[in-house]
Amino acid sequence: MKTAYYHLPGLFEFYPLYRLFLPLYRQHREWFYDWCRIGSIYGAPQNCIWGGGRVSWGDADPRQVLELLGEYGISARLTFSNSLLEPWHLEDPRCNELCRLFSRSGTQNGVIVHSELLTDYLRRCYPRLYLVSSTTKVLTEFCQLQQELERQEFRYVVPDFRLNRDLARLDALPGYQKDKVEFLCNECCWFGCKDRRRCYETVSRQNLGQDCPDHRCAAPGGEEGYRFSKAMENPGFIGVEQIRDTLLPMGFSNFKIEGRGLGSALVLEFLLYYLTKPEYQLHVRENIYLDTMLDLF
């Protein structure tokens, strides 16, 4: 059976949580499923105009972030999935400095991208950074996914979560394409949402510093915000059993967990559910909760 590689949220946003969790993950491997590993942690610091997906509030020092992940051999990904970039935005000194820093790291790091302009720029200027095609492209048609998987510039492609249940066509993909598919597992967005692209475009404008109101979600129950229990009821949800018993045997191995805009307590629940054996979840909670330096909410 293949190994499941999880791509976790909050590279800068939840640095204090990972600083506590990763030593537990190394020292107590018997607490965690032996069929999964941490493939990467993704995110973006605050005030990055290339940012997308969420307006980031992460303030961890990039050098400390890279030092932590390098110690554990985990890839770091910059979430630069802004869809509305113009040529002059490519000159941004902050984002370029982050790319230079991440490309010099001993561990190979990556960038999650949406903009074709930025994709071409990163390939030219930072060839050591691998690229991930962002779910913010909202690739809801299976033929769109197949076309994206054929693009040589992307190591991974994150489909829209509504393709998660198209198991027959997913299973028919050739092996080299299965290796590139990175499923978004725990999306809470309404399965019938028609405004997902517009929502992401609003975030892109806000990251560019444009004065625009927040996107107002009109989906049923949208005013409740993210709830893991609600995500588990989503038709596109991918749980532990489906990963282990269905998708891994099919030949898929990459699974993305969303949550950059949430709190540390909820992200900890994702780590417990997806990586931790049930009988040891309390052990992990106790070790995390007893550290009074961590603000879980």
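For this chain, numbers begin at 1 and follow the sequence in order. Side chains are part of it too, since the values below use all heavy atoms of this structure and drop only hydrogens, waters and symmetry mates.
A donor-acceptor contact shorter than 3.5 Å is absent between the side chain of N186 and the backbone of I257. Judged purely by atom type and a 3.5 angstrom limit, Y6 uses its side chain to pair as donor or acceptor with the backbone of Y274. Judged purely by atom type and a 3.5 angstrom limit, E13 has no side-chain atom pairing as donor or acceptor with the backbone of P9. Side-chain N or O atoms of E286 include none that pairs as donor or acceptor with a backbone N or O of H283 at under 3.5 Å. Checked by atom type and distance alone, the side chain of Q281 pairs as donor or acceptor with a backbone atom of L272 at under 3.5 Å. The backbone N or O of C185 sits nowhere less than 3.5 Å from a side-chain atom of K256 that would complete a donor-acceptor pair. Using a distance-only test at 3.5 Å, with no hydrogens or angles considered, no donor-acceptor pair links the side chain of S103 to the main chain of R128. Side chain of S204 to main chain of S83: a donor-acceptor pair is present (N/O by atom type, distance under 3.5 Å, no hydrogens or angles). In this structure, R165 contributes its side chain and F237 its backbone to a donor-acceptor pair below 3.5 Å. The backbone N or O of H89 lies less than 3.5 Å from a partner atom in the side chain of W50, making a donor-acceptor pair.
Screening F21, F228, F255, F14 for a ring-ring contact (aromatic ring centres under 6.0 Å, His included) with F270, the sole residue that qualifies is F228.
The CD1 atom of I49 lies 12.0 Å from the CG atom of L84; values are rounded to the nearest 0.5 Å. Interatomic distance, CG of L78 versus CG of L131, reported as 11.0 Å (0.5 Å rounding). A distance of 5.0 Å separates CG of L20 from CD1 of I288, quoted to the nearest 0.5 Å. Summarising the geometry, atom CD1 belonging to I112 is positioned 9.0 Å from atom OG1 belonging to T136; distances are rounded to the nearest 0.5 Å. Atom CG of residue L247 and atom CG of residue N254 lie 11.5 Å apart, to the nearest 0.5 angstrom. Atoms OG and CD, on S253 and E182 in that order, are 9.5 Å from each other to the nearest 0.5 Å.
Taking a cutoff of 4.0 Å between a charged side-chain nitrogen and a carboxylate oxygen, R169 and D166 qualify as a salt bridge. The pair E148-R151 meets the salt-bridge criterion, since a charged nitrogen lies less than 4.0 angstrom from a carboxylate oxygen. Here K277 does not pair with E279 in a salt bridge; the nearest charged N to carboxylate O distance is not below 4.0 Å. Under 4.0 Å is where a charged nitrogen must lie from a carboxylate oxygen, and between R100 and E97 at least one such pair does.
Donor-acceptor pairing under 3.5 Å is lacking for the side chains of Y33 and T276. Between the side chains of R77 and S40, at least one donor N or O sits under 3.5 Å from an acceptor N or O. A side-chain N or O of Y121 and one of N96 form a donor-acceptor pair less than 3.5 Å apart. Looking at N82 and H114, their side chains never bring a donor and an acceptor atom within 3.5 Å of each other. No side-chain donor-acceptor contact under 3.5 Å links R19 and Y15.
Linking Ile, Leu, Val, Met, Phe, Trp and Tyr residues whenever their side-chain heavy atoms come within less than 4.5 Å places L167 and L173 in a single cluster. Under the 4.5 Å side-chain heavy-atom criterion for Ile, Leu, Val, Met, Phe, Trp and Tyr, I38 and Y5 are members of distinct hydrophobic clusters. Grouping the Ile, Leu, Val, Met, Phe, Trp and Tyr side chains by contacts below 4.5 angstrom, directly or via other members, places L282 apart from F32.
When all heavy atoms are compared, the tightest approach of D160 to R162 is OD2-NE, 2.7 Å. Across all their heavy atoms, V113 and K137 have their closest contact at O-CE, 4.0 Å. Shown here for N164 and G236, the closest heavy-atom pair between the two residues is ND2-O, 2.8 Å. Residues K178 and M250 approach most closely at NZ-O, 2.7 Å, considering heavy atoms. Across all non-hydrogen atoms, the minimal contact from G110 to L129 is N-CD2, 4.4 Å.
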Q: Evaluate side chain to side chain contact (heavy atoms under 4.5 Å, CB included) for L184 paired with E187, printing each intermediate quantity in order.
A: CA-CA 7 Å; L184 180 58; E187 179 57 64; 3.7 Å; yes
Q) After noting the C-alpha distance and the side-chain angles of L22 and L68, does the key distance pass the side chain to side chain contact (heavy atoms under 4.5 Å, CB included) rule? A) CA-CA 9 Å; L22 291 178; L68 176 67; 4.0 Å; yes
Q: Tell me, with the steps shown, if H7 and Y156 meet ring-ring contact (aromatic ring centres under 6.0 Å, His included).
A: CA-CA 11 Å; H7 305 280; Y156 303 103; 5.8 Å; yes
(Q) side chain to side chain contact (heavy atoms under 4.5 Å, CB included), that's the test. Do V132 and V111 meet it? Break it down for me. (A) CA-CA 6 Å; V132 182; V111 184; over 6 Å; no
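A heavy-atom distance below 4.5 Å is found between the side chains of F80 and L98.
When ring centroids are compared, F252 and F183 come within the 6.0 Å threshold.
Cation-pi geometry between R155 and Y130 is satisfied (NZ or CZ under 6.0 Å from the ring centre, within 45° of the ring normal). Both tests hold for R29 against Y25: distance to the six-membered ring centre under 6.0 Å, angle to the ring axis within 45°.
For CD of E150, the number of neighbouring non-hydrogen atoms (other residues, nucleotides, ligands) closer than 6.0 Å is greater than 12.
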